[in-house]
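Have a look at the structure below, then the notes.
Here is the naming used below: chain letters follow the sequence lines, and residue numbers restart at 1 for every chain.
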Amino acid sequence: MIILAELRARFASAIAPLSTEVDTLTRLVLPAQNAQFGDYQANCAMPLAKQLGRPPREVAADILSRLDVSDLCEPPEIAGPGFINLKLRTDWLADRLLQAVGNDRLGVGRVELPKRVILDYSSPNVAKPMHVGHLRSSVIGAALYHLLKFLGHDVVGDNHIGDWGTQFGMILYGYKHFLDEQAYRENTVAELSRLYRLVNQLCEYHQTIEELPGLEWKLAETEQAVNDAEAETEQNEKESKRLLKKLQADMSTLRNAAASAEAKIARFEADPDLKALADAHPGIVVDSRREVALLHTGDEENRRLWEEFLPACNRAMQDVYDRLGVEFDLTLGESFYQPMLAEVVRDLIERNLAQESQGAICVFIPGNRAPFIVRKQDGAYTYATTDLATIQYRARNMQAEVLLYVVDKRQSEHFQLLFETARLWGFDQLEYQHVSFGTVMGKDNKPYKTRSGDIVGLGSLLDEAVSRARGIVDANDDAKPNGPELDAAERQRIAEIVGLGSIKYADLHHNRDSDYVFDWDKMISMTGDTAAYMQYAYARVCGIFRKAGHSRQEIRDLPGQVRLNHPAERALGLQLARFEDSLRNAAAEYRPNLLTNYLFETANAFSTFYDKCPVASEESLDLRVSRFKLCELTASTMELGLRLLGIQTSERM
RNA sequence: GCACCCGUAGCUCAGCUGGAUAGAGCAACGGACUUCUAAUCCGUAGGUCGGUGGUUCGAAUCCACCCGGGUGCGCCA
């Protein structure tokens, strides 16, 4: 049921005779900010009054005289400077809730205009270990996938994996020089991953050594500049102070960079075996790059190895997805688009969109200084080229209407250029959206890493979540008034659900654009706004049914009405009735946190209800049935809402 | 130098296209388990929404400037 849209429609016809900007005005019909003002409020009388040059309260009265909401609302009231406060009729609300109980979509409709949406999420680099960043893209992407699909869109989930990039150069180099054959036979992926890390480490070492002198030179230069500027600061106050500050900031950045480069080198050289390897492979950076180039130009050996590596890598990736419950309809990686790249560049040139610049082929977008490079000097294509080919493919072969990219916000400039180029290229009928998200930070407010500075692997992250959740499940079950109810296997099953749910919920409940601090203690906590809280609310509802000896289906089928006399009942009922509004809001802006907020409020409303209103022990049959039905709708709403977020529930906890 | 983002309670964060007294969770304090799981509930305290100006009936929200923090601008993806 869509309450908001219904109210807006009613207001639209009331406002139409007074203004031409009906849409803008009806959008000012909103859920009440404060329960004391009712359930909904319309703020449209004030701006309309300005347009008409009449007193706002008089305009409000005018709107009310044309407004017909008597079937769903109590008589509206005008308050303050011209707010119109609306309170839903409790009998209307109760009737709607009764219809939602037992409806398999809980009364949620489908969108009027379904769109073909290609949702691009997760997109890890094959053969590189997955980390928290991939978690965000996967979790947010999966949530949007379920949500949009549930609302009736035609959604295709596509994992645009990086299976053609630089990391394969490193792996190929590693395979040719450092392979442990036995390890490769026993656990291919682990060995490839070791090779990647090893070569990457060696490359970074050489690169750091190479960069350090330049860094130090630049630092010395900046230090000198700071000294000079300090001497001059007294004259010419404002401008030179600004300059000085800037220089000091630069200096501090350079100092940190130089220090961390030195530390990196020292750490590396502390390991004599690594140092020996590095000395034995001085050209490793260039040589790894050549291995990729060979792969790209069709070298037989490298192509064969690539084909040998890939299945194992994909299987390892799939294990993580299975565990997370993340699914895709397609996995079309970068390699899939390789055959199309030459044609893409040729076409861009033919249409005068791309031109040569310093040997590279670039698209220059007016208003953007940075060129969008589609072919490098050395003739290699870039991810820009691949992304354009992907858009072309999705538009032509997949009938895409909406393209969503769930990708780190640091790539926003890339997407801006990409979308602009695609539009100029002729794909201007599509809707493009970079569904960006912020960085996962550690407690030190820097990107989340282990203490030694390594990226945290996804597998160990999930293991830790489950083991922490197990502690909570054990503690709770042990503390039950009538003794423990769960055996070890059941506890473990619940710990998986709570642990994985917690990690996903923590991610989803932040505004996706914000960076957020990864904090185990908050995520898997006994209290507060966590997955566990919602899962617990769900388990408590199920407990009521179980103890009363009713199945969910029996409760749906019970003859009877929904009553909302107690404030806690009405608050819960209103909250449940807003489910579809919340789904639509979340989908409209691709913001799962709007749905987590809703579910938290729902769990909250239920917990209050649970505290104040006996269900199974309620003496009045009429009331007991009503409360059973409210409980059933709560359970279904929580279950479905969480499921759309990719979070599971358990009937017992 | 260019571009983008952020600054809200002690901490972590919400705040939808400008709306009434700025909200949650944690932490603090005080209450509530003989009654459906206290992973809960009820209450108290805590904020010049970074600063200054402007736009207007009305600004955390829009605009300008300033202060402070971050990120991107590598022919890496």
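Neither side chain, A:Asn511 nor A:Tyr516, offers a donor N or O lying under 3.5 Å from an acceptor on the other.
Taking atom CE of residue A:Met46 and atom P of nucleotide B:rA59, one finds them 12 Å apart after rounding to whole Å. In this structure, the OH atom of A:Tyr448 is 16 Å from the P atom of B:rU12, given to the nearest Å. For the pair A:Lys409 NZ and B:rC73 P, the computed distance is 15 Å after rounding to whole Å.
Set against B:rC36, B:rC76, B:rA24, the side chain of A:Phe600 has B:rA24 as its closest nucleotide. With B:rU17, B:rA20, B:rC36 as the choices, the nucleotide that has an atom nearest any side-chain atom of A:Arg27 turns out to be B:rU17.
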*Give the dot-bracket string for RNA chain B, reading 5' to 3', where a pair is Watson-Crick or G-U wobble with both distances under 3.5 Å, ( ) marks pairs inside the strand, [ ] marks pairs crossing earlier ones, | marks a partner on another strand, and . marks unpaired.*
(((((((..((((.....[...)))).(((((.......))))).....(((((..]....))))))))))))....

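Residues from residues 536-546 of chain A with heavy atoms under 4.0 angstrom of RNA chain B, sorted by number: A:Tyr536, A:Ala539, A:Arg540, A:Gly543, A:Ile544.
The side chain of A:Asn34 places no N or O atom within less than 4.0 Å of a non-bridging phosphate oxygen (OP1 or OP2) of B:rU21. In this structure, A:Thr527 reaches the B:rC26 phosphate: one of its side-chain N or O atoms is under 4.0 Å from OP1 or OP2.
B:rG69 sits 32 Å from B:rA27 when the P atoms are compared, rounded to a whole Å.
A donor N or O paired with an acceptor N or O is found under 3.5 Å between the base of B:rU21 and the side-chain atoms of A:Gln36.
With A:Arg136 as reference, A:Asp507 is the one residue of A:Asp507, A:Asp515, A:Asp513, A:Asp408 to meet the salt bridge (Lys or Arg N to Asp or Glu O under 4.0 Å) rule.
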